[in-house]
Amino acid sequence: MLQQTRVDYVRTYYERFLDTFPTLEDLAEADINEILRIWEGLGYYARARNLHTAVQQVVASGRTPVNSKELRSLPGIGPYSSKAIASIAFGEPVAAVDGNIRRVISRIFAHPGNPAKDIQELADSLLCITRPGDYNQSIMELGSQVCTPKRPQCAICPVQDHCIAQAQATPELYPTPKKKEPTPHYDVAVAVLRDASNRIFIQQRAPKGLLGGLWELPGGKANSGESGPQTCVRELQEELGVQVSVGELVGVVKHAYSHFKITLRAYECTVLDGIPVSTEGLITTWVEPDELGKFAFPRANRRILDLLVPSAATESL
């Protein structure tokens, strides 16, 4: 959960997750849809899917990995996570390198921060092999609380006398910042389809890929020069094989993902011809408005649903 996410934001999710899945066996046997519902709002949903698969593998084998090499065999665990877990949980003398540690080491040695192999070698050279878990956590905390990206608190840093960047009065030059490309923006339109019983139509995204396994309102990205209503008409014809008339605007939501931003517009729509069936073979269903809280939705979709049914998010929070 802490990958690319702040501790203060994670805490509530962490506690709720362990309350719901207190053992490895509970998590391994859980339905992925329930896991995603509990995870909803944390983002980077591949982490939840990988965690589920990893735990299933561990339970099936009857043995928990106890070193970084074994941990790397599990889905979702890379070089940093495997070394952090192995050093903290099992005392393996390996140096973990996350963003905070990279920044600390880059400044101590006045190193640009790349390639990653160089930073790993420097981290290895500093490792306290008798207490590797404490060492890794202390450097992470140093980077998080003192050696911050902007306005580092060099005056209270316990390793300031060993820091070349501090001696040069240039800590903010390290690590060398990457050139930022303009963040893409997309206009997206989705449809609120209702049947005769006022149930709302939703579909589940493919298991893999961005937001994999989450549910959503049908719709998609606008083509160049296309209005929101035009996008709804085209997307529902392509996705569901139906023709619709577009009614009133339900709401507009702006949302930022890690690599792009969207403006999401939702419209009440009515099917004029056809029966909605996913042309891509996605799972679809009609849901009572007060049952929407039982499904995991992307944050932007959830904000639209909150406009439709304020209580829909109650069960997922």
Side-chain angles (χ1 to χ4, degrees), residues 1-18 21 27 32 35-55 68 71-72 74-89 94-107 113-116 119-120 123 133 136-150 152 174-186 205 207-214 254-262 296-303 316-317:
M1 287 184 174
L2 288 173
Q3 292 174 351
Q4 304 183 68
T5 311
R6 302 187 313 276
V7 172
D8 56 345
Y9 191 75
V10 162
R11 184 174 288 110
T12 299
Y13 284 92
Y14 173 73
E15 293 171 352
R16 183 179 63 187
F17 197 88
L18 289 188
F21 313 112
L27 183 57
I32 186 60
I35 294 170
L36 291 173
R37 188 184 71 82
I38 298 298
W39 195 280
E40 182 184 321
L42 268 180
Y44 301 99
Y45 293 94
R47 297 179 298 177
R49 299 194 301 273
N50 285 332
L51 177 59
H52 188 218
T53 302
V55 168
S68 56
L71 287 162
R72 283 290 301 275
L74 297 177
I77 297 185
Y80 160 67
S81 294
S82 64
K83 292 176 180 178
I85 295 168
S87 63
I88 295 169
V94 287
V97 176
D98 70 345
N100 287 318
I101 292 176
R102 173 175 172 265
R103 184 167 57 255
V104 171
I105 291 177
S106 177
R107 289 172 175 174
N114 281 300
I119 299 299
Q120 183 65 60
N136 283 328
Q137 291 183 88
S138 67
I139 303 300
M140 291 178 204
E141 194 74 358
L142 180 64
S144 171
Q145 302 300 316
V146 178
C147 193
T148 50
K150 301 293 183 182
Y174 301 95
T176 303
K178 296 180 180 178
K179 182 181 178 181
K180 289 188 176 181
E181 299 293 335
T183 303
H185 174 271
Y186 304 106
R205 296 178 66 91
K208 296 183 179 180
L210 179 68
L211 306 176
L214 272 65
K254 295 182 182 294
H255 187 71
Y257 292 93
S258 56
H259 301 299
F260 63 93
K261 298 179 180 179
I262 67 169
F297 286 88
R299 178 62 62 86
N301 268 242
R302 178 63 72 187
R303 290 169 64 187
S316 67
L317 294 179

Trainee: Rounded to the nearest 0.5 Å, how far does CG of Leu210 lie from OG of Ser258?
Mentor: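 The CG atom of Leu210 is 7.5 Å from OG of Ser258, to the nearest 0.5 Å.
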
Trainee: Roughly how far, to the nearest 0.5 Å, is the CH2 atom of Trp39 from the CD1 atom of Ile32?
Mentor: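 One finds 9.5 Å between CD1 of Ile32 and CH2 of Trp39.
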
Trainee: Measure the spacing between NZ of Lys254 and CD1 of Ile262 and express it to the nearest 0.5 Å.
Mentor: 10.5 Å

Trainee: Heavy atoms only: give me the nearest Gly41-Tyr13 pair and the separation to one decimal.
Mentor: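 Distance-wise, the nearest heavy atoms are CA-OH, 3.4 Å.
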
Trainee: Would you say the side-chain atoms of Gln137 pair up with the backbone N or O of Ala84, donor to acceptor, closer than 3.5 Å?
Mentor: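 Not confirmed, Gln137 side chain does not pair with Ala84 backbone.
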
Trainee: Please check this pair: side chain of Arg107 against backbone of Tyr174, looking for a donor-acceptor N/O pair closer than 3.5 Å.
Mentor: yes

Trainee: So, for Pro75 and Ala54, which heavy atoms are closest and what is the spacing to 0.1 Å?
Mentor: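 The answer is CG-N, 3.8 Å.
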
Trainee: With the side chain counted from C-beta on, respond yes when Leu2 and Tyr14 share a heavy-atom pair under 4.5 Å apart, and no when they do not.
Mentor: no

Trainee: For the residue pair Gln3 and Tyr44, establish whether any side-chain heavy-atom pair is separated by less than 4.5 Å.
Mentor: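 No, their side chains stay 4.5 Å or more apart.
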
Trainee: Would you tabulate the side-chain donor-acceptor contacts of residues 138-148 under 3.5 Å, counting partners in other chains and residues two or more places apart, or write 'none'?
Mentor:
from, atom 1, to, atom 2, distance (Å)
Ser138, OG, Asp134, O, 3.2
Ser138, OG, Tyr135, O, 2.7
Thr148, OG1, Lys150, O, 2.9

Trainee: For the pair Arg16 (side chain) and Ile38 (backbone), establish whether a donor and an acceptor sit closer than 3.5 Å, ignoring hydrogens and angles.
Mentor: yes

Trainee: Between Arg49 (side chain) and Pro207 (backbone), is there a donor-acceptor pair under 3.5 Å?
Mentor: yes

Trainee: Please give me the minimum heavy-atom distance between Gly113 and Pro175, naming the atom from each residue.
Mentor: CA-CB, 4.0 Å

Trainee: Would you give the length of the straight line joining atom CZ of Phe17 to atom CG of Leu51, rounded to the nearest 0.5 angstrom?
Mentor: 5.0 Å

Trainee: Look up atom CG in Asp98 and atom NZ in Lys83, then write down how far apart they are to the nearest 0.5 Å.
Mentor: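 Interatomic distance, Asp98 CG to Lys83 NZ, rounded to 0.5 Å: 12.5 Å.
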
Trainee: Shortest non-hydrogen contact from Ile35 to Ala48?
Mentor: CG2-CB, 4.2 Å

Trainee: So, using side-chain hydrogen bond (donor to acceptor under 3.5 Å, both in side chains) as the criterion, who are the partners of Arg47 when residues are at least two apart?
Mentor: Thr5

Trainee: Looking at Val94, is its backbone amide N or carbonyl O close enough to the side chain of Asn136 to form a donor-acceptor pair, meaning the two atoms are under 3.5 Å apart?
Mentor: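 Present.
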
Trainee: Would you find a donor on one side and an acceptor on the other, under 3.5 Å apart, between the side chain of Arg102 and the backbone of Ile119?
Mentor: no

Trainee: Nearest 0.5 angstrom please: Leu36 CG to Leu42 CG, how far?
Mentor: 11.0 Å

Trainee: What's the shortest heavy-atom distance between Ser68 and Ala86, and which atoms?
Mentor: N-CB, 3.6 Å

Trainee: Looking only at heavy atoms, what is the nearest atom pair of Arg299 and Tyr9, with distance?
Mentor: NH2-OH, 2.7 Å

Trainee: Under the criterion ring pair (Phe, Tyr, Trp, His ring centres under 6.0 Å), I'd like the reasoning laid out for His255 against Tyr257: C-alpha separation, chi angles, the key distance, then a yes or no.
Mentor: CA-CA 7 Å; His255 187 71; Tyr257 292 93; 4.7 Å; yes

